[in-house]
Amino acid sequence: MTGRDDPLVVHTPGDREIVLSRIFDAPAHLVFAAFTRPDLLPRWYGARGWQLVDCQVDLRVGGRWRFVSAGPDGARMGQGGVYREVDPPRRLVCTEVFDDQSYPGETLVSHDFTELVGQTTVTTTLRYATAQGRDRVLRYPMARGVSESFTRLAELLATPTT
């Protein structure tokens, strides 16, 4: 699903899951911060050509999050959910629903941050409400978009001002 030189690894271990993983050359506390801080998220979140223009984060169990991205030709994409688990810098779990979602139900998104010798592996598990929803998402350029977004994150983490 991703290119041969792409550091993003994509697996589909079950009929409702997509698992994405990538190693970042940064400690877990910095990577976790990039996933949760409204001042950092707009600097990396989104595929090439997309920019996060509204970023609301209430980082606590039961807190809500909402992102709105602006893309090519004035396109807008909104998504949001509720945090279910917040365990910095190891784990972040939330629900996710898009404003114009084309598949049923909410998705459970789990991010695990595993640090080893200053590098952090981010493993994101997306669990969809139905197998059909997961299959629909696999037909989208989701892996490409996540890969481009994670490339921007790697560049951000390489800057000394993170």
Side-chain angles (χ1 to χ4, degrees), residues 8 10 16-22 24 26-114 120-157 159 161-162:
L8 180 69
V10 181
R16 291 175 43 204
E17 293 87 25
I18 300 173
V19 178
L20 311 151
S21 63
R22 177 169 170 167
F24 294 94
H29 75 276
L30 291 180
V31 182
F32 188 91
F35 271 73
T36 57
R37 285 183 30 196
D39 62 318
L40 296 176
L41 280 156
R43 295 174 59 190
W44 70 270
Y45 189 89
R48 188 174 28 250
W50 288 84
Q51 183 65 43
L52 199 54
V53 294
D54 184 17
C55 179
Q56 300 169 29
V57 175
D58 182 5
L59 190 62
R60 61 183 174 84
V61 173
R64 299 193 67 76
W65 65 276
R66 172 127 176 101
F67 298 167
V68 177
S69 299
D73 301 320
R76 289 182 87 77
M77 180 174 56
Q79 65 199 100
V82 176
Y83 290 107
R84 296 267 180 91
E85 186 177 340
V86 179
D87 182 17
R90 293 179 286 282
R91 188 164 163 82
L92 183 65
V93 179
C94 62
T95 59
E96 177 183 71
V97 176
F98 286 86
D99 292 356
D100 297 321
Q101 189 159 288
S102 63
Y103 50 91
E106 66 183 15
T107 303
L108 186 65
V109 181
S110 304
H111 302 287
D112 291 292
F113 304 85
T114 307
T120 301
T121 300
V122 175
T123 304
T124 299
T125 303
L126 305 161
R127 182 166 176 83
Y128 294 88
T130 67
Q132 295 80 12
R134 194 277 320 246
D135 291 346
R136 181 173 291 230
V137 169
L138 286 172
R139 289 192 294 271
Y140 297 152
M142 183 268 300
R144 177 188 55 80
V146 171
S147 179
E148 290 171 359
S149 189
F150 278 6
T151 295
R152 292 172 62 190
L153 175 56
E155 291 166 358
L156 172 65
L157 292 167
T159 63
T161 59
T162 303

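As a basis for the values below, the full set of heavy atoms in this structure was taken, side chains included, without hydrogen atoms, waters or symmetry mates. FYI, the numbering just counts along the sequence from 1.
Under the salt bridge (Lys or Arg N to Asp or Glu O under 4.0 Å) criterion, Asp135 pairs with no residue, sequence neighbours left out. Under the salt bridge (Lys or Arg N to Asp or Glu O under 4.0 Å) criterion, Arg48 pairs with Glu148, sequence neighbours left out. Under the salt bridge (Lys or Arg N to Asp or Glu O under 4.0 Å) criterion, Asp54 pairs with no residue, sequence neighbours left out. With sequence neighbours excluded, no residue satisfies salt bridge (Lys or Arg N to Asp or Glu O under 4.0 Å) with Arg139. Gln101 is linked by a side-chain contact (heavy atoms from CB on, under 4.5 Å) to Val97, Phe98, Tyr103, counting only residues two or more places apart in sequence or in another chain. Under the rule for a side-chain contact (heavy atoms from CB on, under 4.5 Å), the partners of Thr36 that lie at least two apart in sequence or sit in another chain are Phe32, Leu59, Leu92.
Atom OG1 in Thr107 sits 12.0 Å away from atom CZ in Arg134 (nearest 0.5 Å). Here NE2 of His111 is found 14.0 Å from CG of Asp87. Values are rounded to the nearest 0.5 Å. We find the CZ-OG1 distance between Arg22 and Thr124 to be 12.0 Å, quoted to the nearest 0.5 Å. Note that OG1 of Thr95 and CG of Leu108 are 7.5 Å apart. Values are rounded to the nearest 0.5 Å. Distance check, rounded to the nearest 0.5 Å: OG1 of Thr125 to CZ of Arg16 gives 13.0 Å. Taken to the nearest 0.5 Å, the CH2 atom of Trp44 stands 9.0 Å off from the CG atom of Leu156.
In this structure the side chain of Phe113 reaches within 4.5 angstrom of the side chain of Val122, judged on heavy atoms.
Comment: Arg66 does not engage Asp58 in a salt bridge, judged by the lack of any side-chain N to carboxylate O separation of less than 4.0 angstrom.
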